[in-house]
Amino acid sequence: MHDPNWLRIESARSLERLLPRVRSALAEAQAQDPAGYARFEARLQREWPRLFDLLLRLYGGQYDFFYQLEQLLLAAGRAWSERRPELRVLDAAREADPTWYQAQQMLGAVLYVDRFATTLAGLQAQLPYLQRLGVTYLHLMPLFLAPAGNNDGGYAVSSYREVHPELGTMAELAELADRLREAKISLVLDFVFNHTSDEHTWAQRARAGDEDYAQFYLLFPDRRLPDQYDQTLREIFPTVRKGSFTWDAGMRRWVWTTFNNFQWDLNYANPAVFRAMGEELLFLANQGVEVFRLDAVAFIWKRMGSDCENQPEAHWIIQAYNALTRIVCPALLFKSEAIVHPDEVVKYLGLEEAQLSYNPLFMALCWEALATREVRLLSQALATRWTIPAGCAWVNYLRVHDDIGWTFDDDDARALGIDPWGHRRFLNAFYVGDHAASFARGVPFQANPATGDARVSGTLASLAGLEQALQAGDADLIDLAVRRILLLFSVMLSSGGIPLLYLGDELATLNDYGYARDPARADDSRWVHRVTFDWARERYGDDQTRPEGHVYQGLLQRIGLRKNHEAFAGGGLDVFATGNPQILGYVRQHNGERIVVLANFSEGTQRLAGNRVRLHGAGYQFRDLISGQTIHAEGEFQLEAYQCMWLEG
Ligand code: GLC
């Protein structure tokens, strides 16, 4: 670390030197919007010391450090000059209300454009569907140019500036962003920056022998270094290959490929990579993206002898991008996708890093509680691992496009007398239906016989028992499955942060096993829950005689309640002991409004003493927002199978 005084002087000196270049490059843009330019320069002055410090730590040892700084700053200026007036208006609005995403009105949704509405234009036509649900944050799965056939669901990007031609064009994307913004829906896209596809021009040039571009990736002439790295690396896709490197016959070199063979990891030790990806980031921000999901953040920095995950430099890179976006497009937020140990997940959160983060622990433990009918691990996590830096928010979800991994901490489990290893085995068996008491129909993902590790794929409804119940044609089982789904939704919607719906789940979509017949997908069981949206089923949502209708209407009701109660704003949550291992209890409060949540994770009727709840309320009488019932707290509270109460009082 550098001496703060020295740093202050050096950063000021460097900006003094660079600013005239920026000013002259932006003279025309400044004349068009002098006030806007003044704000840009003020932000630059404010953020520069931080950005300079981070870049110095990352790249200070490079011979052309100052050249790289200058180029980065000029690129930032260009990006600002290209930012449309309406986006500059948004920047000002967000700066005036920086934690707007803490509102209880927030509701996230995620979808594949092709599977939901075929094209971007089709999606625009379906806006009313999203508005009816109350969506305010829309994550579109990767929609960029990508190789034909297997492209990891679009996570192998061949150009960040081209929309996949089957989906539409960049102009249509910008137009969609405008329509969404008018509808008060923020557009969320992936920033897939750990790797590009091997068809990206950078990769192609590297292949063609261009040394500058060879430096964009991590290439090795022989197995010496790959073998050394492999000793400490975790295999992320063990069914794809052994180790993390792929032989490229054309280049006659080994390429670092953390994920699939066609996804080449970028070399962030090279400042040109930082700048090139930074330019792609700003270009996309200028299309109207409001939140970037930072894909695979944990992996972006490599260090020999480590697992090459969660390295300090990975944080500095994100912080540096954060500083860059504060300067150019302050409306933009980051959401980190770190599906790693809970101690590490939380480290990516910060107003100067990622303001938002997926909450994989909460997701996994909701499913854990559903399988065990016990809430102690979930309760412990809410008590000890929920708090995050002020102003930041969890994105709480139950299902996304990925598998479920059991990412809880081993010692947390042991502290409760649970053997972590055996418990993960049980959970995997339970969710792939290999357990006598299981209601779930999941599919194993990336089972690794060498380590015994495995994850689970499946839709929310199939994992919660609806598929099994429908096959059995048993009305009682169907009823239980619907209750489970609504329980999960009720917990997700009341727990704080931004709740995120995986679209299709609102209509209790079941697994689709058709992927197994598609050679490009057969090896990736995640496609079982990436189901093509069946618009013919939309009307089931209004049919209360069907499970889909129960789920849809129940969800809609809870979304409405959430939006109307300020207690659900922000992320503070106080978990309390209910005295019943099957019932989860927590309090949400905000601005003087308070709601007590009780959630029965078992199919049995459960009771808890009224005074446990009374401690958290104002008096003896509560109203359950979900059932509309008034409940007196003198005696016992009784919760039916999988019932969740949102108690006001
Ligand atoms: C993230 C994505 C996942 C993808 C991987 C590689 O984890 O969620 O779907 O396979 O990154 O990009």
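Here, residue 1 is the first one in the sequence, and each next residue gets the next number. This is a predicted model, so every value here is computed, not measured.
What you find for L466 and A508 is that their closest heavy atoms are CD2-CB, 3.7 Å. Minimum interatomic distance between L463 and S457 (heavy atoms only, all atoms of both residues): CD2-O, 4.0 Å. The shortest heavy-atom contact between L133 and L107 is O-CD2, 3.4 Å.
Remark: L51 CG to R326 CZ distance equals 12.5 Å, nearest 0.5 Å. With rounding to the nearest 0.5 Å, the separation of CD in Q105 from CZ in R562 is 8.5 Å. Taking SG from C329 and CG from L281, the interatomic distance works out to 6.5 Å, rounded to the nearest 0.5 Å. Put simply, CD on Q446 and OG1 on T239 are 3.5 Å apart, with the number rounded to the nearest 0.5 Å. To the nearest 0.5 angstrom, L111 atom CG is 5.0 Å from L138 atom CG. Rounded to the nearest 0.5 Å, atoms CG (L26) and OH (Y37) are 5.5 Å apart.
Salt-bridge check for R207 with D198: passed, with a basic side-chain N closer than 4.0 Å to an acidic carboxylate O. Electrostatic pairing of R94 and E290 counts as a salt bridge here, judged by a charged N lying under 4.0 Å from a carboxylate O.
Counting only distance, with no hydrogens or angles, the side chain of E352 and the backbone of N322 share no donor-acceptor pair below 3.5 Å. Checked by atom type and distance alone, the side chain of S81 never pairs as donor or acceptor with a backbone atom of A29 at under 3.5 Å. In this structure a side-chain-to-backbone donor-acceptor pair under 3.5 Å is missing from N260 to F262. Using modelled atom types, one side-chain atom of N267 and one backbone atom of Q215 make a donor-acceptor pair closer than 3.5 Å. Of the possible polar contacts, none joining the N511 side chain to the Y513 backbone as a donor-acceptor pair under 3.5 Å is found. Judged purely by atom type and a 3.5 angstrom limit, R399 uses its side chain to pair as donor or acceptor with the backbone of G458. Under a 3.5 Å cut-off, the side chain of S525 and the backbone N or O of P444 do form a donor-acceptor pair. Although no hydrogens or angles enter the test, the distance criterion places no donor-acceptor pair under 3.5 Å between the side chain of D114 and the main chain of L167. A side-chain donor-acceptor contact under 3.5 Å links S159 to the backbone of E162.
Aromatic ring centroids of Y155 and H195 lie 6.0 Å or more apart. Residues F445 and W527 keep their aromatic ring centres 6.0 Å or farther apart. If you look at Y358 and Y397, their ring centroids are closer than 6.0 Å.
Residues L127 and I185 form a side-chain contact, since some pair of their non-hydrogen atoms from C-beta on lies under 4.5 Å apart. Residues M277 and L266 meet the side-chain proximity criterion, which asks for heavy atoms closer than 4.5 Å. Between R530 and M141 there is no side-chain heavy-atom pair separated by less than 4.5 Å. Between E337 and I339, the closest side-chain pair of non-hydrogen atoms falls below 4.5 Å. Residues D295 and F259 are not in side-chain contact: their nearest non-hydrogen atoms beyond the backbone lie 4.5 Å or more apart. Residues L90 and E86 are not in side-chain contact: their nearest non-hydrogen atoms beyond the backbone lie 4.5 Å or more apart. Contact check for H401 versus V110: no side-chain heavy atoms found under the 4.5 Å cut-off. Counting heavy atoms from C-beta outward, V297 and F193 have side chains that approach closer than 4.5 Å.
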Worksheet item: Given E95 and R39, is the salt bridge (charged side-chain N to carboxylate O under 4.0 Å, His left out) satisfied, shown in steps?
Response: CA-CA 11 Å; E95 284 208 294; R39 279 196 296 274; 5.9 Å; no
Item to complete: Start with the C-alpha distance between Y213 and Q204, add both sets of side-chain angles, then the distance that settles side-chain contact (heavy atoms from CB on, under 4.5 Å), and finish with yes or no.
Response: CA-CA 9 Å; Y213 285 96; Q204 303 266 344; over 6 Å; no
Discussion item. side-chain contact (heavy atoms from CB on, under 4.5 Å), that's the test. Do L510 and E548 meet it? Break it down for me.
Written reply: CA-CA 10 Å; L510 300 180; E548 295 90 340; over 6 Å; no
Item to complete: Verify salt bridge (charged side-chain N to carboxylate O under 4.0 Å, His left out) between D152 and R526, making sure each step is shown before the conclusion.
Response: CA-CA 10 Å; D152 191 19; R526 292 175 298 178; 2.8 Å; yes
Worksheet item: Can you check side-chain contact (heavy atoms from CB on, under 4.5 Å) on V491 and L398, steps first, answer last?
Response: CA-CA 10 Å; V491 172; L398 300 162; over 6 Å; no
Worksheet entry | Trace of the side-chain contact (heavy atoms from CB on, under 4.5 Å) decision for T407 with V340 | CA-CA 7 Å; T407 58; V340 288; over 6 Å; no
Got a list of side-chain donor-acceptor pairs under 3.5 Å for residues 514-523, not counting sequence neighbours?
from: D518; atom 1: OD1; to: A520; atom 2: N; distance (Å): 2.9

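No cation-pi contact links R558 to F489, judged by a cut-off of 6.0 Å to the six-membered ring centre and 45° from its axis. Geometrically, R205 does not engage W202 in a cation-pi contact defined by less than 6.0 Å to the ring centre and at most 45° from the axis.
Side chains of R241 and N261: a donor-acceptor N/O pair is present below 3.5 angstrom, by distance only. Neither side chain, T257 nor Q263, offers a donor N or O lying under 3.5 Å from an acceptor on the other. Side-chain atoms of H139 and D190 form a donor-acceptor pair, as typed in the model, at a separation below 3.5 Å. Y101 and K335 share no donor-acceptor pair across their side chains, judged by distance under 3.5 Å alone. If you check the side chains of H565 and Q104, you find no donor sitting under 3.5 Å from an acceptor. Under 3.5 Å, the side chains of E175 and Q124 contain a donor-acceptor pair of N or O atoms. Side chains of D543 and Y552: no donor on one and acceptor on the other come within 3.5 Å. Y502 and T459 form no side-chain donor-acceptor contact under 3.5 Å, judged by distance and modelled atom types alone.
Checked against salt bridge (charged side-chain N to carboxylate O under 4.0 Å, His left out), E172 has no partners two or more places apart in sequence or in another chain. Every side-chain hydrogen bond (donor to acceptor under 3.5 Å, both in side chains) that E344 has, sequence neighbours left out, goes to K347. Scored by the side-chain hydrogen bond (donor to acceptor under 3.5 Å, both in side chains) test, R83 finds D91, N286 as partners (sequence neighbours excluded). Every residue two or more places apart in sequence or in another chain that forms a ring-ring contact (aromatic ring centres under 6.0 Å, His included) with W367 is listed here: Y431.
By the 30° and 60° cut-offs, the orientation of the rings of Y129 relative to F533 is perpendicular. Under the 30°/60° scheme for interplanar angles, the aromatic rings of F334 and F292 are found to be tilted. Using cut-offs of 30° and 60° on the angle between ring planes, the pair F191 and Y321 is perpendicular.
In E166, the CD atom is not crowded: 12 or fewer heavy atoms of neighbouring residues, nucleotides or ligands sit closer than 6.0 Å.
Residue pairs meeting the salt bridge (Lys or Arg N to Asp or Glu O under 4.0 Å) criterion with at least one partner in residues 115-132, sequence neighbours excluded, are R132-D542.
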